[in-house]
Number of protein chains: 2
Amino acid sequence: MLSDIDIAQAARCKPIGEIARDLGIPEEYLVPYGRNKAKVDLRFLRSLEDRPQGKLILVTATTPTAAGEGKTTVTIGLAQALVRKGKSAMLCLREPSLGPCFGVKGGAAGGGYSQVLPMEEINLHFTGDIHAVGVAHNLLSAMIDNHLQQGNPLGIDPRRVTWRRVMDMNDRALRHLVIGLGGKGDGVPRETGFDISVASEVMAILCLADGIEDLKARLGRIVVAYTYEGKPVTASDLKAQGAMAALLKEAIQPNLVQTIEHVPAFVHGGPFANIAHGTNSIAATRTALRLRDYVVVEAGFASDLGAEKFMDIVSPYGGFHPEAVVVVTTVRALKLHGGLPKDRLGEEDLEAVRAGLANLEAHIGNMQQFGVPVVVALNRFTADTDRELELVRGAVQAQGASIALAEVWAKGGEGGLELADRVLEALDKGNRYGPLYAWNLPLAEKIRTVATKVYGADGVVLEEGAAKTLKELESLGYGNLPVCMAKTQMSLSDRPELKGRPKGFEVHVREVRLSAGAGFVVAICGPIMTMPGLPKSPAAERIDIDADGRITGLF
Amino acid sequence: MLSDIDIAQAARCKPIGEIARDLGIPEEYLVPYGRNKAKVDLRFLRSLEDRPQGKLILVTATTPTAAGEGKTTVTIGLAQALVRKGKSAMLCLREPSLGPCFGVKGGAAGGGYSQVLPMEEINLHFTGDIHAVGVAHNLLSAMIDNHLQQGNPLGIDPRRVTWRRVMDMNDRALRHLVIGLGGKGDGVPRETGFDISVASEVMAILCLADGIEDLKARLGRIVVAYTYEGKPVTASDLKAQGAMAALLKEAIQPNLVQTIEHVPAFVHGGPFANIAHGTNSIAATRTALRLRDYVVVEAGFASDLGAEKFMDIVSPYGGFHPEAVVVVTTVRALKLHGGLPKDRLGEEDLEAVRAGLANLEAHIGNMQQFGVPVVVALNRFTADTDRELELVRGAVQAQGASIALAEVWAKGGEGGLELADRVLEALDKGNRYGPLYAWNLPLAEKIRTVATKVYGADGVVLEEGAAKTLKELESLGYGNLPVCMAKTQMSLSDRPELKGRPKGFEVHVREVRLSAGAGFVVAICGPIMTMPGLPKSPAAERIDIDADGRITGLF
């Protein structure tokens, strides 16, 4: 069988100028990066403001398993199928982080005949956005430590600097470190650490900002530390926001690429879906909605993480109105949720599927709560039996959702035609989208709403420090921000080992962090990895390039 | 008076495709980055191998002073002047590091009417080369610490890991740190530090590599650590070179831009001129030499650093034959070398000029030793008096060199016509270029040659560790590499406070480092800063961007 990179390298891209021309983007607003990638000048977005908006289709999935659900692949395949049906459609994805490419997972640009191209470039440096985020982040870090070194006129408590540094690399040895060693001229010693670049609040800001002025304002509001008196210190106190915004001048422009079937795609911004909101930039989605009648947008992780945040944080900030949700799943994933061991996924097992359906039902119900019709995309594997498929179909329909088989990995858009039909029908039904909570509720109440209504928890336990921080944040005027729940993606609960649809648990909020620039309060429930490590045999050892520049080992 | 950024923003670039077409670069080999920057595919360089080479003119300067000599500006102005005289000419520069832009110095792309454009983009992320160098470097770092974490089968001694990490930022707090804290899952605790990205050996390798295969081979030879038994551990022992080279796939392609007068310029690679060789990539220079009759190349710092290394390291590796050297100086700089305080530079002072001429004479002599004719470019300031200029002219001519006034900041190429005439005359004289030492001499002997013949030292003192390392390196088979002397740029000696032309001193080699990938042995003489800090009031505080994306505060 051909690998993803083989298929990608055999595919021919249209010149990106041609893709842009078909979208009606004038040449003066197109900034080429090589022949197959381009940025779109934000001034073009401004020129579109009076146009009607297309329909927004959000793609989420069941709780991730080791089997892989194929959410990105379905997102791409669905847009390809809509175009095959003669619709005006495109898609929006997050851009992959470079670090994990060298760890376990290889690339992240879809798969098979539902990929975005050029695959290697998207996976490696792409148009430099994540590098720009990293430098803007680390400039602020350097200015903080420089402030400490140069007499500390703001009175920053070096023990309360919350702003860390970032690197786009899986590098566990940088999680906890002591900097500023070496002597008087080499900074003030203190404990800190590095996160992976995409975990930076700057990435979240880039994806939520509404133009350069808003970007600068949000950057300026970042809280980086507290003074000895407990007063928050912001990036604007350090006069950092102008230079940071200058570094993000190109990064804020959406990146245009194409799928293997030449369907236009914005791949732009890549915030985490736990400590941040987990979808591509508002700028990209907003532009897409003015260029096409149908826009397919992927959210990170499952409905309890990326999709909930899209409904409760991103859509209110972006002025979006999602009109249908696709929940991607596989029979294999349902079997794992139903308790079947990984080595028996190839066998028909109706009992395991039935048990695993609880997970799918929870995600369908989660999305229906937001008043939006749900279509399940069952990503088909050859081992799936008709009886297994029928079982899933019956359960989904009983819940008032529709379902289609997807074979987009093997067949591209052709394999997504049934899914496209179901989605178009769902859109015809109309919807009454609304977020789950009002932003003016108390922070703890907003956390409780998500935990009980989306995770299925009985309640929330605020650990001591967390309760105290929530009160502090409300007294500092941050009480009206939405809440961004950071919990494991491996379970609907906050305990990764609980598969299926956990019941009778409480969500434990261990810590609360402020992302004042991004505009949300992060409630941390359980250990969240913001700096991954490399495995025993990193993928990097197998990545290579030949004399003609052909890359191998990215998959 | 208009600032550099005002002049740059008022200038109009030609489309980069037009510049490339004039150079005869076929469209298929041009990779655009926006409208005004492009990379040139290395396969184009291969297609040029049979063409005759143009003449290489190297630009260096007197010992740097606080007054600034304007070396980059003269390099650009000279190429512009040659084109004005109807010659087929272009230039090659290093690309500026982003970190220092936020510190003291602002941009680094020439000045006035002798700039390369687009100035802001060249100074900020440009085409991402330095980001790529940083990631490739840090991938190797992460693989080293991952190896330690995953059982350390190679037996790396954690106390003898010589490979640090890098960041493109002035961040003194990262010079010395302890990583791997936090517990068993968070790496092995050890002491290390960060350098600024351009100080990475990967940058030196990128600039010396002859295509992707050679790049990979050099990366594989990097020595990153020693085992408990004292055996060197290389990047290829960690299987890192393939992934590192894949990350550098675009970075190795020369960047094409233009000057304010639309003269083509390669701005590519930016190694330090102390711990590395200090000139733009061999790929850029080699391509330029096949596209134009005259190629002006700038070397870092003064003749004792960048230019010496160009003659002794870069030219042998690149197969270059420099045919003339331009030494840039100013009356103000000579006065500072002559002992005049900074606040009196505006006054005529023949005595100070006469005293300072010793510095210029040393640099002229240094370059003449390599068998190449020397032209002094006296970068003119309004306060310079005729008598001062005459004094310099007489001294230069007495040494057998020629001299021209340059007013390229204010007048562009028009201000460099006299300089262009002198350079053309010098080229007509012919030359007998040769390096100063044979590579097969003992390492200590090569160090002694540079110290005595170029720095004017009486001899070399090898401190204990340095002598031991030299022996070790020779026994490990690295004795035939050229030596790269890392010393202060602020003096011809190894003591920054010694201005003018120091006499009666010895050069102290404190430490010897191996850059086996780049292909040289670094002799460290005195403190060398590989991670700068920010000043009390960083330039970053004054950099800003408006709603239309116009950047201010870069100068």
Side-chain angles (χ1 to χ4, degrees), chain A residues 31-35 43 98 102 124-125 128 131-132 135 138-139 141-143 145-146 149-150 167-182 185-188 211-213 216 239-240 242-243 245-247 249-250 533-534 536 538 540-541 543-547 549 551 553, chain B residues 31-35 98 102 124-125 128 131-132 135 138-139 141-143 145-146 149-150 167-182 185-188 211-213 216 239-240 242-243 245-247 249-250 533-534 536 538 540-541 543-549 551 553:
Chain A
V31 189
Y33 279 66
R35 251 172 292 279
R43 285 171 295 179
L98 189 155
F102 301 111
L124 295 181
H125 310 288
H131 295 320
V135 173
N138 290 332
L139 172 62
S141 313
M143 289 176 83
D145 278 293
N146 190 55
Q149 174 78 3
Q150 308 278 3
M167 185 183 281
D168 194 8
M169 191 55 64
N170 286 16
D171 194 349
R172 70 169 69 74
L174 297 183
R175 284 178 194 151
H176 305 282
L177 36 79
V178 174
I179 61 168
L181 303 175
D186 301 319
V188 174
I212 289 176
E213 288 292 301
K216 217 159 62 178
K239 305 195 189 82
L247 282 167
K249 177 186 173 191
E250 283 88 21
L534 292 171
K536 187 149 195 153
E541 295 179 353
I543 294 174
D544 203 2
I545 182 169
D546 69 15
I551 292 175
Chain B
V31 189
Y33 279 67
R35 251 173 291 279
L98 189 156
F102 301 112
L124 296 180
H125 310 288
H131 295 318
V135 173
N138 291 331
L139 171 62
S141 313
M143 289 176 82
D145 278 293
N146 190 55
Q149 174 78 5
Q150 309 277 4
M167 185 183 281
D168 194 9
M169 190 57 63
N170 286 16
D171 194 348
R172 69 168 72 71
L174 297 183
R175 283 174 195 154
H176 305 284
L177 35 81
V178 175
I179 62 169
L181 303 176
D186 301 318
V188 175
I212 289 177
E213 288 293 301
K216 217 158 65 177
K239 305 193 188 81
L247 282 166
K249 176 187 173 192
E250 283 89 22
L534 292 171
K536 187 149 194 152
E541 295 179 353
I543 294 173
D544 203 1
I545 181 169
D546 69 16
D548 291 320
I551 292 174

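No hydrogens, no waters, no symmetry mates; every other heavy atom, side chains included, goes into these values. Naming: A, B, ... by sequence-line order, numbering from 1 per chain. Computed from a predicted structure; not experimentally measured.
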For [X], is it the side chain, the backbone, both or neither that has a heavy atom under 4.5 Å from a heavy atom of chain B?
X	result
A547(A)	both
I551(A)	side chain
K536(A)	both

Most chain B-contacting option - heavy-atom pairs closer than 4.5 Å, from S141(A), P32(A), G182(A), G185(A): P32(A)

Chain B contacts, top residue of A240(A), G180(A), A173(A) (heavy-atom pairs, under 4.5 Å): A173(A)

Among the options [options], pick out the one with the most heavy-atom pairs lying under 4.5 Å from chain A.
options	result
L174(B), D544(B), L181(B), V31(B)	L181(B)
L98(B), L124(B), N138(B)	N138(B)
A132(B), P538(B), G211(B)	A132(B)
M169(B), M143(B), E250(B), Q149(B)	M169(B)
G187(B), G549(B), G34(B), G533(B)	G34(B)
D168(B), V188(B), D546(B)	D546(B)

Compare every heavy atom of [Y] with every heavy atom of [X], then report the nearest pair and how far apart it is.
X	Y	value
L534(A)	F102(A)	CD2-O, 3.4 Å
A246(A)	I543(B)	CB-CG2, 3.9 Å
A245(A)	K216(A)	CB-CG, 3.9 Å

Sidechain-backbone polar pair: K249(A) side chain, I545(B) backbone, donor-acceptor under 3.5 Å: no

K239(B) side chain vs A540(A) backbone, donor-acceptor pair below 3.5 Å: no

Pairwise distance CG(D171(A)) to CD1(I179(B)) - rounded to 0.5 angstrom: 7.0 Å

Ring centre gap for H131(A) and H125(B) strictly below 6.0 Å: no

Salt bridge flag under 4.0 Å for residues D186(B) and R175(A): yes

D145(B), part contacting chain A, at a heavy-atom distance under 4.5 Å: side chain

